[in-house]
Structures are given as C-alpha cells and as structure tokens.
Amino acid sequence: MNKDLNKLNSHNSDEISSIGNDSLGDTDKGPKNSEYEDASVRVTPWDVEGQIDYDRLIKEFGTQSIDSDILEQFKKITGEVHPLLKLHYFFSHRDLDFILHKVEGGEKIYLYTGRGPSGMVHMGHLMPWMFTKYLQDKFGSKLLFQLTDDEKFLYSQDRTREEIKRFTYENILDIISIGFDPSNTKIIVDTVHIKHLYPIALEIAKRITFSTSKAVFGFSGSTNIGMIGFPPIQAAPCFLPSIIEGRPTPVLIPAAIDQDPYWRITRDVAEKMGFYKPAQIHSKFLPSLNATGGKMSSSKPETAVFTTDEPEVIEKKVCSAYTGGQATVALQRLYGGNALGCPVFWYLRYFFDDQKESDERFVKCISGNLLCGECKSDLARESKSFIAALKMRREKAKDRIQKYMYENEPFEF
Ligand code: TRP
C-alpha cells in the first residue's frame, strides 16, 4: 500500500489520460508539432490528445522538473508549499529559480498568462489562473492577462469574429471572478490593444525565420498566413513589462505545458533584444470527465464542468463520468479501482480534497473499500457549490470589466 502511495505522490506517477485545456481547433487538426508527437499523442498549442508521459515531455521540450530545491525556494519566500506544487500539478519550469531569486531579493517581477477565447471556460482552465492569483498575492506582482481573440479566429475556419467576441466577453467574466487585484492586473484583448503589442511583435517577428517557426509549431504549406504571423503577438507581452517599467523586468508565465513552443521562440530572441528570457512554470492537464484519453473540449460539453453549468447539468455530468471503477460492485470490492486512471479522483484531488483526504481516498479506492458512487457524490456536491459561488462573482464582474482593461481602453460588447 505504501508503495502505491509513493507512486501517487512521486513525480512520474500520473498515468493520467490527457485532456487538452484548449478547445480550439474542434474541427481542424491544426499544425503538427514535430517535437512531441507520435501516432497517439499530440501536445501542441492547439491540440492535446492521447496518453501523456509528462517526464517525456520535460525531456522533449528541454524544460526542468520542479524539484525539491525549487520547493525549498518557494517555502523560503512564502512559508509554505502550495498544494498544486506539492501534488506536481505544476511539474516543470524554465528559469523559475532565477525568478524566485529575484523575488527573494525584493525585485519586482511581472506575471503573464492568457486565454484563447475559443469557447466557454471549464474547471480545467481555472487551475492555472487560481495559482496565478496565489502568486500575485504572495509576490505582490503585476499581472498581464492576454486574450488571443485573433489566434482563435484564425485557427478555426468555422469561427466568426462575432462568436469569438462573445467568448472573449464571457471569458473575461471568468478571469475577473478569480479575484485578481484590479490595481495590479491588466487584461489585454489582442484586437483591442494591438497598438501596444505591435511594435514589440515587429521586433520579434524580424528575428524569427519561417524555418524555425515551421519546426517549432509545425506550420505547413496549408497553414493560413494569419496563423504563421501570429506567434510574435503572444510573445509580445513577455517584453511589455520591460517597456512599461523602462528597464529589463523579469517575467514569469504560469501556463499549461502546451504553450511552451511560444516561449521557446521568445526566449531565443529575448537577450538579442535586451530583455530577460521569460521564465515559465508549466502545469499538466485536467483529465476529461467522460472517457480515458478523451479530450476536454468546449465543443464536447459532456467532457468538463463549465463555469456556467446549471446544478442539474453538473450533477448529470458527474454522475455519468467515466471512472477507474470495476464493472460490478463485487469486482470492485475484490480488485479495487484504478484511481490513477480516474478523472473523478483527479478532479477531487486537485480541486477539493486536501492531500491527506486524497491519499486516504486513493488507498481506500485501490483496496476495494470505496465505491465510485461515493466519489461521484462528493465531486457533484463540491462542484455545485464551487460553481454557484463562482457564478455570483461572474455576475458582479459584469460591471467591473473596464477596471481591468489595459490602459483603460474599453472592451465593448
Ligand atoms: N494561446 C493561449 C491559448 O490558446 C492563450 C495565451 C496567450 C496564453 N498568452 C498566454 C496562455 C500566456 C498562457 C500564457 O489558450
């Protein structure tokens, strides 16, 4: 039993079936990323599919794993280790040690994260944002939050500008509901704030060849030229803080690992442009609720709990969720369940259980002393109350959008 618990709490344990945190490209396959792709696994900024081996991703992407030294550094600054770090939900980084060093020395750093508004927001999207708010509170950092409405319009041939605009508005409500400090947080909507990004994007674009971008993003002859020109726009907020502050300013990007290609090209040009390389802290993905290996997607609403779901809908989604359970109660009692392959277990572990409760749940499950109905009922109850509280904050956010807009430039909907 102990061995199993060690496995659960070790870095390489999560035999989690993937789910993208990104829903764009519901219809298109999108470019291929030559760096991490085989027949069944895809991790690109536009597509995440298959059984992900996170250790392999660290090797293929050339990132660092979050080790005990990093956790110690965090502890020195914040006096604690956040559960999402302890649970290895954030599992990989680039230059996080450099950032923590700067924070420790009292230097101001910026946080930068974002969202591609290709659909409504589900719980998987919220976790990196909640962690970003935690960092903002602990470090007192300014945050830039980019909405890439241009990217999401360009990526899917089916999407209209009006649809993307509606999702942008709805997603902004979710972002504000996370509780970011309005005096330290600025939302950038690409089509609204492009004039602040464009001069930086030009400098970046001029330093990246088509060969590099083909290799990093997998662009091909059939990729539309808007997509090919887009990456410098997502790179630009990495350098915007240095321009705002008038001196090189360290930036940390909390984001799911699928965004890493953007940061690779940005890091390549940073020093040549007189900036620090942007640092990253990478998260895993939350698994799809309805099947192993399935993809969490805004176009397949049954795969996730959305922030606008009604309680009955949440109840139904959770009750019909895929689990790691056996086919019958008798078999479950005899063989135990497969907690590591169970999305209900992971939702509870990352969102609602504390580590002790979750470890106990794990042991009870795999030893046949817990039935799936009990976990589902815990998850349904917790998710309903979590979403109900979020919905109230979403309502209040409607009057607060303007406060968060970069340079107070209005986002009109
Ligand atoms: N491309 C991201 C997406 O599709 C959106 C994004 C823009 C982003 N800037 C970011 C995500 C910075 C994380 C960090 O969701």
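The shown structure was predicted, so the numbers you read here are calculated from the model rather than taken from an experiment. Every number for a ligand or one of its atoms is a count from 1 in the order of the listing.
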* Could you pull out, from Ala235, Gly114, Ala256, Ala236, the option with a heavy atom nearest to atom 14 (C) of ligand 1? =>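 Nearest heavy atom to atom 14 (C) of ligand 1 lies in Gly114.
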* Counting heavy atoms only, which of Lys152, Gln280, Gln259 comes nearest to atom 2 (C) of ligand 1? ->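 Heavy atom nearest to atom 2 (C) of ligand 1 belongs to Gln259.
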* Numbering as shown, the atoms of ligand 1 that approach Ala255 to under 4.0 Å (heavy-atom distance) ->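 Checking each atom against Ala255, I get 13 (C), 14 (C).
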* Min heavy-atom dist Trp263 to ligand 1 below 4.0 Å ->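 Under 4.0 Å: yes for Trp263.
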* Asked: What do you reckon, does Arg115 have a nitrogen or oxygen under 3.5 Å from a nitrogen or oxygen of ligand 1?
  ->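 No - when backbone and side-chain N and O of Arg115 are compared with those of ligand 1, no distance drops under 3.5 Å.
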* Hey, is ligand 1 close enough to Gly116 that some N/O pair sits below 3.5 Å? ->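 Gly116 vs ligand 1: N/O contact under 3.5 Å present.
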Can a donor-acceptor pair be found between the side chains of [X] and [Y] at a distance below 3.5 Å?
| X | Y | answer |
| --- | --- | --- |
| His282 | Asp260 | yes |
| Ser288 | Asn290 | yes |
| Gln280 | Gln259 | no |

Region of [X] that comes within reach of ligand 1 [heavy atoms, distance under 4.0 Å]:
| X | answer |
| --- | --- |
| Thr113 | both |
| Ile253 | side chain |
| Trp129 | neither |

* Fit a plane to each ring of Tyr406 and His196, take the angle between them on a 0 to 90° scale, and name the class: parallel (under 30°), tilted (30 to 60°) or perpendicular (over 60°). =>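 If you compare the ring of Tyr406 with that of His196, the planes turn out perpendicular.
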* Asked: Is the NZ or CZ atom of Lys165 both under 6.0 Å from the centre of the six-membered ring of Phe411 and within 45° of that ring's axis?
  ->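 Yes, a cation-pi geometry holds between Lys165 and Phe411.
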* To do: May I ask you to check if Lys284 and Tyr54 form a cation-pi contact, with NZ or CZ under 6.0 angstrom from the six-membered ring centre and within 45° of the axis?
  =>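 That pair qualifies as a cation-pi contact.
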* **Student check: side-chain heavy atoms of Lys277 and Trp263 closer than 4.5 Å** =>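 When only atoms from C-beta onward are counted, Trp263 and Lys277 do not touch, as no gap falls below 4.5 Å.
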